[in-house]
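Data block below; observations after.
Because only heavy atoms are used, hydrogens play no part in the values below, and waters and symmetry mates are left out as well, while side chains stay in.
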Amino acid sequence: IDFYSIGTNDLMQYFFAADRTNDKLSELFNFNDTSFYIFLKEIILKAKKQGKPISVCGELAQSEKQLEILLGIGIEQVSVSSSKILEIKNIIRNTNLKSTKKQTSKLLKS
């Protein structure tokens, strides 16, 4: 393969074994669960070890808090809806990557 692209909506659905559209299970679909980010970081590290670029698409990349976590675990490319491009670009431009990586590392250890 030439690159990896992670669709976080589907991946989270499989990871949590919870259909996000099912009201009875949606509470299990948690954007703030650190275990998912630890899992995602492992995927990122493996892709980078292979020298392959990796990007993320989906709702996770469109939320400021989650985007900062994604940047902190090594994501360098995101795919978002066109209506969110300027907002996401501003978030990325105003993110102190060194500080974000440090904060994310602490979060994943907690």
Closest contact, heavy atoms only, Phe3 versus Lys52: CA-CB, 4.5 Å
hydrophobic_cluster_shared for Phe15 and Leu45, side chain cutoff 4.5 Å: no
Heavy-atom side-chain contact between Ile73 and Leu108 under 4.5 Å: yes
Chi angles and distances behind the side-chain contact (heavy atoms from CB on, under 4.5 Å) call for Leu60, Tyr37: CA-CA 11 Å; Leu60 209 59; Tyr37 293 103; 3.3 Å; yes
Phe36 side chain near Leu11 side chain, heavy-atom distance below 4.5 Å: yes
Side-chain donor/acceptor of Thr95 to backbone N/O of Ile91, under 3.5 Å: yes
Point-to-point distance, once rounded to the nearest 0.5 Å, from CD1 of Ile54 to NZ of Lys46: 11.5 Å
Pairwise distance CG(Asn90) to NZ(Lys84) - rounded to 0.5 angstrom: 12.0 Å
Shortest non-hydrogen contact between Val78 and Ile75, atoms and distance: CG1-CG2, 3.9 Å
Donor + acceptor pair across side chains of Thr8, Glu59 (<3.5 Å): no
Heavy-atom pair with the smallest gap, counting every atom of Gln66 and Phe31: NE2-O, 3.5 Å
Gap between atom OG of Ser81 and atom CD1 of Ile88 - 0.5 Å precision: 8.0 Å
side-chain contact (heavy atoms from CB on, under 4.5 Å), paired with Leu70, selected from Thr104, Leu40, Thr100: Leu40
Ile69 CD1 to Lys41 NZ distance, which is reported to the nearest 0.5 Å: 12.0 Å
Least distance between heavy atoms, Gln77 atom then Pro53 atom: NE2-CB, 4.0 Å
Same apolar cluster (I L V M F W Y, side chains within < 4.5 Å links), Tyr14/Val56: no
Rounded distance (nearest 0.5 Å) linking atom CD of Gln103 with atom CG of Leu71: 12.0 Å
Asp33 side chain reached by Met12 side chain, heavy atoms, under 4.5 Å: no
salt_bridge(Glu76, Lys48) N-O dist < 4.0 Å: yes
Cys57 versus Ser5, closest heavy-atom pair with distance: SG-OG, 4.3 Å
Single-linkage hydrophobic cluster Leu86~Val80, side-chain heavy atoms < 4.5 angstrom: no
Donor-acceptor contact below 3.5 Å, side chain Ser99 vs main chain Asn96: no
